[in-house]
Amino acid sequence: MTAALYRGTVSGGSRCRRVTEPALPRQAILIVNAASRQGAEAFASARDKLVAAGVALIDARAVEDPELLGGEITSAIDRAPMVIVGGGDGTLSKAIDSFLGTDTIFAFLPLGTANSFARTLGTPLDLDGAIDVIANGIARPIDLASIDGDYFLNNAALGLAPVVADSVPSALKKSLGRFGYLLWAGWSAASFQAFRLVVDDGRRQHRLWATEARIANGRFHGGLELIESAELDSGEVVIQAVQGRSIVRLGWSYFASALKLQSRKTSVREFRGTKMRVETKPRMRVSIDGELGPETPFEVRLLPDAVKVAAPRLG
């Protein structure tokens, strides 16, 4: 085994920790959400390519009913040293809770629309590249964030994002992918209003007007790199708020972030910690990796080194 240096940024400076790079298990079970954007058509190809890459599949299942995924994944964790989950960010986020407290490696195939977790981890978005990570990558420990005990991999959001997630037509989402989300977001923004946000970081309460709040364990949200200070192993969760009451300013925040303009940082305010409380007026629902979650108020926590995931080898 070789040694690697993972770096995470925390309040007061940079945190470095030396860990080993253990090879991934050669045996696994494949569970694919056939209802995800690419799941049904990718299943057979993924199964065959994993075997060709040297991964011995104990079992392989395409699950058409998303309600049955949790049970299938829990059963697989009891039977294999590595479980490969195929689906979008919502599928992966729901699956991750089952890996807590186990030694089973969480591996995945990014088969969704935005694939934000794959982008944050550095996993290729194409099927061949993702399979190469599973066959030749490393087991990497990562932090998990939670909202009222519901753990998630990458990002949650308050504001326009949950409205879009709840109302975007499935046909638009499947046919146009991320562009479909953007079109629907533009349509939904016409009737959306700013809200009062309160973030209690344990030291003080921060009060501001906001049009969006991103609760980040990773850098990407909706497929865009928006929260550049968030890392999967930093030991802290980041809450990034788009300040003000202007929907135009929210749109500019996305535009400036997509083009990496220097002005992208002027419209947001960030809070960091391991435990924070979030309130809004009016009460709002949060979207967790693209799936609707609880209403405010809620508590955000971070669990360091919570699970081990199949990750690319460090360059």
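Everything numeric here is computed off the predicted structure, so don't read it as measured data.
- The shortest heavy-atom contact between Asp201 and Arg272 is CB-O, 4.5 Å.
- A donor atom on one side chain and an acceptor atom on the other are found under 3.5 Å apart for Ser229 and Glu270.
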Subject >> side chain to side chain contact (heavy atoms under 4.5 Å, CB included) between Met82 and Gln27, worked out >> reply: CA-CA 7 Å; Met82 180 168 65; Gln27 290 186 317; over 6 Å; no
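- Side chains of Leu197 and Thr280 form a contact here, defined as non-hydrogen atoms less than 4.5 Å apart.
- Ring geometry for Phe99 against Phe106 counts as perpendicular: the plane angle is over 60°, on a 0 to 90° scale with 30° as the lower cut.
- Distance OG/Ser45 to CD1/Ile131: 6.5 Å, rounded to 0.5 Å.
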Subject >> Evaluation steps, side chain to side chain contact (heavy atoms under 4.5 Å, CB included), between Leu30 and Asp59 >> reply: CA-CA 6 Å; Leu30 171 65; Asp59 197 359; over 6 Å; no
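- Residues Pro124 and Val133 are in side-chain contact: their nearest non-hydrogen atoms beyond the backbone lie under 4.5 Å apart.
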**OP:** Take Val268 and Val242 through the side chain to side chain contact (heavy atoms under 4.5 Å, CB included) test and state the conclusion after the steps.
**Re:** CA-CA 4 Å; Val268 299; Val242 182; 4.1 Å; yes
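- Although no hydrogens or angles enter the test, the distance criterion places a donor-acceptor pair under 3.5 Å between the side chain of Asp289 and the main chain of Asn155.
- Closest heavy-atom contact between Ala156 and Val286: CB-CG2, 3.9 Å.
- Comment: Lys265 does not engage Glu228 in a salt bridge, judged by the lack of any side-chain N to carboxylate O separation of less than 4.0 angstrom.
- Put simply, CD1 on Ile31 and CG on Leu68 are 11.0 Å apart, with the number rounded to the nearest 0.5 Å.
- Here the side chains of Leu100 and Tyr151 are in contact, with some heavy-atom distance below 4.5 Å.
- Taken together through direct or relayed side-chain contacts under 4.5 Å among Ile, Leu, Val, Met, Phe, Trp and Tyr, Leu125 and Phe43 form parts of separate hydrophobic clusters.
- Using modelled atom types, one side-chain atom of Gln240 and one backbone atom of Leu226 make a donor-acceptor pair closer than 3.5 Å.
- In the hydrophobic clustering of ILVMFWY residues, with side-chain heavy atoms under 4.5 Å counting as a link, Val51 and Val55 come out together.
- Arg285 places a side-chain N or O within 3.5 Å of a backbone atom of Gly293 that can act as its donor or acceptor partner.
- From Thr91, atom OG1 reaches atom CG of Leu153 across 11.0 Å, with rounding to the nearest 0.5 Å.
- Within the 3.5 Å criterion, the main-chain N or O of Ala114 finds a donor-acceptor partner in the side chain of Arg119.
- Thr296 places no side-chain N or O within donor-acceptor distance of the main-chain N or O of Phe298, the cut-off being under 3.5 Å.
- To the nearest 0.5 angstrom, Met276 atom CE is 4.0 Å from Ile239 atom CD1.
- Other members of the cluster containing Leu261 are Trp252, Phe255, Leu259, with ILVMFWY side chains joined at under 4.5 Å, either directly or via other members.
- Expressed to the nearest 0.5 Å, how far CD1 of Ile147 lies from CD of Glu299 amounts to 11.0 Å.
- Between the side chain of Arg26 and the main chain of Ala135, a donor-acceptor pair closer than 3.5 Å is present.
- With Thr74 contributing its side chain and Gly70 its backbone, the two residues share a donor-acceptor pair below 3.5 Å.
- Scanning all heavy atoms of the two residues, the minimum distance from Phe152 to Leu144 falls at O-CD2, 3.7 Å.
- The backbone N or O of Asn115 lies less than 3.5 Å from a partner atom in the side chain of Asp89, making a donor-acceptor pair.
- For the pair Asp305 and Pro141, the tightest heavy-atom approach, listed with the atom from each and the gap, is OD1-CB, 4.1 Å.
- Side chain of Thr120 to main chain of Ser116: a donor-acceptor pair is present (N/O by atom type, distance under 3.5 Å, no hydrogens or angles).
- Counting non-hydrogen atoms of other residues, nucleotides and ligands closer than 6.0 Å to CG of Asp103 gives a total of 12 or fewer.
- Taking 4.5 Å as the limit, some side-chain heavy atom of Pro297 sits within range of a side-chain heavy atom of Arg283.
- Nearest heavy atoms, Gly122 versus Pro312: O-CG, 3.4 Å.
- Distance alone, capped at 3.5 Å, is enough to place a donor-acceptor pair between the Arg313 side chain and the Asn136 backbone.
- Residues Val198 and Val237 are members of separate hydrophobic clusters, defined by side-chain heavy-atom contacts under 4.5 angstrom among Ile, Leu, Val, Met, Phe, Trp and Tyr.
- Annotation for Arg207: atom CZ does not count as buried by contact number, only 12 or fewer foreign heavy atoms lying within 6.0 Å.
- Side-chain contact check for Thr211 versus Arg249: every heavy-atom pair is 4.5 Å or farther apart.
- Hydrophobic clustering, with ILVMFWY side chains joined whenever heavy atoms are under 4.5 angstrom apart, keeps Leu232 apart from Phe220.
- Heavy-atom minimum distance, Gly235 versus Thr274: O-CG2, 3.3 Å.
- In this structure, Ile77 and Ser98 have side chains that are in contact, with non-hydrogen atoms separated by less than 4.5 Å.
- Atom CZ of residue Arg140 and atom NZ of residue Lys308 lie 13.0 Å apart, to the nearest 0.5 angstrom.
- Counted within 6.0 Å of CD on Glu64, heavy atoms from surrounding residues, nucleotides or ligands total 12 or fewer; the atom is thus considered open.
- Considering only heavy atoms from C-beta on, Trp209 comes within 4.5 Å of Arg196 through its side chain.
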**OP:** Quick one: do Leu303 and Ser146 satisfy side chain to side chain contact (heavy atoms under 4.5 Å, CB included)? Show the steps, please.
**Re:** CA-CA 8 Å; Leu303 183 62; Ser146 72; over 6 Å; no
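- Inter-residue side-chain proximity for Ile84 and Ile29 is flagged as unmet; no heavy-atom pair is nearer than 4.5 Å.
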